[in-house]
Amino acid sequence: MLTVITLYSTAQNEFEPNYDESKVPVFDLPNPLVTFNGKEVKTINDWENERRPELLEFFIQNVYGEVPDHLAITSFKIIEQGENALGGKAKRKQIELSFTKNGEELSYNILLYLPIDVEKAPIFLGYNFYGNHTVADDPNIIISDAWARNNESFGITNNQLTEQSRGIRTNRWAIEKMIDSGFGLATIYYGEIDPDKNDMTDGIHSLFYSKGQEKPKSNEWGSIAAWSWGLSRAMDYFEKDADIDASKVIVFGHSRLGKTSLWAGATDQRFAAVISNNSGCGGAALSKRKFGETIWRINNSFPHWFCDNFKKYNNNEEQLPVDQHELLALIAPRPLYVASAEDDKWADPRGEFLSAYYATPVYELYGKSGISNSEMPVVNNPTQSSIAYHIRTGEHDVTDYDWEQYIKWAKEYVLK
Ligand code: GCU
């Protein structure tokens, strides 16, 4: 065991979220550089051949769930493209990926904006919450007909996306800043891979079922692993697209989709770098702190996100032989950015920061630097190296400020 963080142990009501730092329990944090059997990890070889595989396997079997089988893209087609997007700065492509298995089919669309003057563009890849047509005010973006959560202010009733929400999330996607800095953007509506509701009969899961099966086995994938699988299949496509530099795909996600980007980065080493924006519980935040959202709470509110085995740790974080800093360590030595927001206490900003700090020794094994100071930086004062971290003012959100930091960091740590 690596360390005991914190202060006083106080009994806590397991159903009320704790926001009081003095009530964070005393806990032992597992050391990423000691195997489950107590052997010290001293070399990259030990890490890559022993410790990393056992950690990855633990997260697969007990947290996010195993993908039951292999399934490659059955076919893809470019269904729309335009050379004159974003006032002539970018080219737009919309690509449909299709999958067939056991007589069932699923398709989803990737929306791409690529800088016109870059031959093979590095890209940010990230899911959106309400459809590709929300990320830019562009009449050519196809509106998805997949299930969507109702949202009156976005004009979503009967679980159908509509024209009314075109461009409504441009504030969360600094596309022009990306394009002006030589990056492209690829985005996908996450509901096309698996609708975000506690019903496992639909989405990509159903293609893998045997006859009569209605939900995955207890060690098999929840929705986060399904969404993350969708990002890897997008990566399969990028490897075939001559306009993209597939060795420079930075996987990004906010909140539940930040949990997803971390899991995608951990399971698929083709992703060059990973960004977690306000990912919180089950993402970057340390579970054992039980600050804000807890394992019990997340498994109750969103029973479909993780595998059923994860429920063993409801109100039982002490028994968990890993914590989320080890998820971050699985991304080493690739660049990793963890970002928090000051008013997003639910996601436990300090727990996100400490997780990045405790993942650092694995980066150091590779001669990379991470977060070397256990003091949290003050707000709006990013610390950037192979692991970067910032906490900005404001709420649970993605802002221009966040993107400015990601772009600056990606130029330095991904492009160079
Ligand atoms: C809820 C959930 C979080 C999640 C967030 C989001 O608040 O409890 O775990 O990150 O939704 O995805 O916006």
Side-chain angles (χ1 to χ4, degrees), residues 14-19 59 63-65 126-131 134-135 147-151 153-154 156 165 168-169 171-173 187-198 203 222-228 230-231 251-265 274-307 310-311 313-315 317 323-324 327-328 337-353 355 391-392 394-399 402:
E14 55 205 26
F15 302 110
E16 278 302 314
N18 174 43
Y19 292 117
F59 279 101
V63 183
Y64 302 98
Y127 279 122
N128 60 73
F129 280 85
Y130 285 106
T134 62
V135 311
W147 181 95
R149 193 168 328 102
N150 287 337
N151 182 324
S153 62
F154 288 4
I156 307 170
S165 46
I168 204 134
R169 276 284 164 89
N171 57 310
R172 282 196 173 184
W173 299 91
T187 187
I188 304 165
Y189 170 48
Y190 81 135
E192 292 195 339
I193 287 79
D194 188 29
D196 191 359
K197 54 186 159 107
N198 187 20
S223 294
I224 292 173
W227 296 324
S228 143
L231 295 171
V251 64
F252 157 87
H254 169 62
S255 206
R256 68 198 67 183
L257 299 176
K259 310 180 207 299
T260 303
S261 65
L262 289 169
W263 187 234
V274 182
I275 301 171
S276 148
N277 191 93
N278 309 177
S279 64
C281 180
L286 293 176
S287 302
K288 290 175 193 276
R289 277 171 49 81
K290 303 191 226 177
F291 188 102
E293 190 172 31
T294 61
I295 295 179
W296 168 80
R297 185 66 187 256
I298 203 166
N299 279 332
N300 267 271
S301 313
F302 307 98
H304 57 295
W305 282 2
F306 299 88
C307 69
F310 194 42
K311 302 189 169 93
Y313 300 99
N314 287 351
N315 295 320
E317 286 83 351
D323 209 331
Q324 298 302 106
L327 169 71
L328 303 188
Y337 205 127
V338 175
S340 310
E342 194 179 17
D343 300 334
D344 186 18
K345 302 276 188 257
W346 183 240
D348 187 11
R350 186 170 165 74
E352 297 183 310
F353 167 75
S355 199
I391 176 165
R392 63 157 167 77
E395 297 176 355
H396 187 70
D397 197 358
V398 194
T399 66
D402 294 316

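Atoms within a ligand are numbered from 1 in the order they appear, just like the ligands themselves. As the structure is a computational prediction, the values presented were derived from the model and not from experiment. Side chains are part of it too, since the values below use all heavy atoms of this structure and drop only hydrogens, waters and symmetry mates.
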Before we go on, tell me: are the rings of Trp173 and Phe252 under 6.0 Å apart, centre to centre? yes
Residue-level breakdown please: for [X] versus ligand 1, do any non-hydrogen atoms fall below 4.0 Å on the side chain, on the backbone, on both, or on neither?
X      : result
His396 : side chain
Lys259 : side chain
Leu257 : neither

Does [X] use its side chain to pair, donor to acceptor, with the backbone of [Y] at less than 3.5 Å?
X      : Y      : answer
Gln324 : Gly283 : yes
Asp402 : Thr399 : yes
Thr134 : Gly131 : yes

Tell me the protein heavy atom at minimum distance from [atom], and give that distance in Å.
atom                    : result
atom 6 (C) of ligand 1  : Ser255 OG, 2.5 Å
atom 8 (O) of ligand 1  : Glu293 OE2, 2.5 Å
atom 12 (O) of ligand 1 : Arg256 NE, 2.5 Å

Might you point out which heavy atoms bring Glu317 and Lys288 nearest each other, and give the distance in Å?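 Closest pair (atom of Glu317, atom of Lys288, distance): O-NZ, 2.9 Å.
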Closest to atom 7 (O) of ligand 1 (heavy atoms only, candidates Phe302, Trp305, Trp346) is Trp346
Can you sort out which atoms of ligand 1 are near Ile298, meaning under 4.0 Å from one of its heavy atoms? 9 (O)
When rounded to the nearest 0.5 angstrom, what distance separates OG1 in Thr260 from CD1 in Ile193?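 CD1 of Ile193 is found 10.5 Å from OG1 of Thr260.
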